[in-house]
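In listed order, ligands and their atoms are each counted from 1. Positions are given from 1 along the sequence. Side-chain atoms are counted along with the backbone in the values below, which use heavy atoms only and exclude waters and symmetry mates. Just so it is clear, the structure is predicted and the values come from calculations on it, not from any experiment.
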Amino acid sequence: MSQLDHLNRTSASLTGDKTPPRFKVFMARHLDGLDVLKRLPEETVFEMKVVASVLPFRVNEYVINHLIDWDAVPNDPIYQLTFPQRGMLSEEAFERMAALHRADAPRDEIQRLAQELRADLNPHPAGQMELNMPRDEDGDVLDGMQHKYNETVLFFPSQGQTCHAFCTFCFRWAQFVGQQELRMASTEAGALHGYLESRKEVSDLLVTGGDPMVMKTAKLAGYLEPLLSERFEHVQTIRIGTKALTYWPHRFVFDDDADDMLRLFDTLVEEGKHVSVMAHFNHWRELESPVTREAIRRIRDTGAQIRAQGPLLAHINDDASVWARMWETQVKLGVVPYYMFVERDTGARHYFEVPLERAWHIYRDAIQQVSGLARTVRGPSMSAGPGKVEVQGVTEIAGEKVFALRFLQGRNADWVHRPFYAKYDPKATWLDHLKPAFGESRFFFEEEYATMQNPRLA
Ligand code: SF4
């Protein structure tokens, strides 16, 4: 029996005699007609509509029918992960938008207010638009790419600028709301390949989105297969950022071109590339689905590695036992726990944010519960403007209570793993809330970072 026969057989056992489910998506305009919401109070559905006119909403039938435990709503983590909640907008923003809905205001009026409210939600955190955009030899900006750290280029293929469902906390939310000026995407394989060829220091390409797994395999292959030529020998690792293992694991099991995707991974691995699926998980519940488990098994059979990452979020996973169980389950399934992130300073952040001190306690309590193999996970880490900053802990030095911090990644590689200290602040939720400890006026990297932001200061 060939490997594919074996895979097909196992896939069939997941569906029994039934045909595999179709991918069916629901958006804001479908909220009124969704049967499953009829069990919720009318006011809750109205609130969802108000929030969904500002922040993106998209969910699919599989998430509704197989992942959300509707008896546990509103506390169910997958419901919180995908369905809009009133608290995701400030009280004032909510009331202004609700008033328009109550008055049955015209669509363009709702759109205008939505744009105004979005502008207050820091749509492009960490200088994504200004600082990370690479340029070609003529100095023109290359759309759909970011180059923040020397060794890694991020690529945003335009066909991958959506997801199988949207996360309510998404830091890329601005890309999904249809405002052209907030988007970053590329249609151009040529630009990607030209840039990579000219930058021999780049060892890692991260294909991201949205979710590149919404793309057809043939499209993705058009970007990736050319990297097998000698010109790209320096690009050793291909990372693919995705949440499809949660929202649509069928992508790797039942979709028409699922086997082609696995063959693509297989070929890349066979030809010497390291393929790493950077899977986004927020809760162990996402790993319980039999289709997810089958998808993980199939991906690993190709020789690709799966690494898991996700943010720490109030209402979803701000509990050490949730993380410990998630990491243990990942290790059991052969997935490598990689990052615990701090919720970013954008979108509905005030709803999800957890103070840094508490985030560190949750990380520490969770890591103490798991074996060494699950302790590969780093965090809690902030993907801030200057780099990825890890909260190492709260401690006391020379009589002063401080946060110990370090860069896991920095705009200047020399910053990495250099310890630095901030005054203890129990309310701080992000790097820019922190002040240097020991009476210093600025953190060691701040001057250089200011120059990077504004070269005229040099
Ligand atoms: S899967 Fe990723 S990009 Fe898509 S909505 Fe969720 S966090 Fe955002």
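Of the charged side-chain nitrogens involved, at least one lies within less than 4.0 Å of a carboxylate oxygen, so that R293 and E288 count as a salt-bridged pair. Between D266 and R263 there is no salt bridge, since no side-chain nitrogen of the basic residue lies less than 4.0 Å from a carboxylate oxygen of the acidic one.
In this structure, the ring of Y79 has its center less than 6.0 angstrom from the ring center of W70.
Checked against ring-ring contact (aromatic ring centres under 6.0 Å, His included), F166 has the following partners two or more places apart in sequence or in another chain: F176. Among residues two or more places apart in sequence or in another chain, the ring-ring contact (aromatic ring centres under 6.0 Å, His included) test is passed with Y62 by H66, H250. Qualifying ring-ring contact (aromatic ring centres under 6.0 Å, His included) partners for F94, counting only residues two or more places apart in sequence or in other chains: none.
Within the protein, the N, O or S atoms lying under 2.8 Å from atom 4 (Fe) of ligand 1 are C163 SG.
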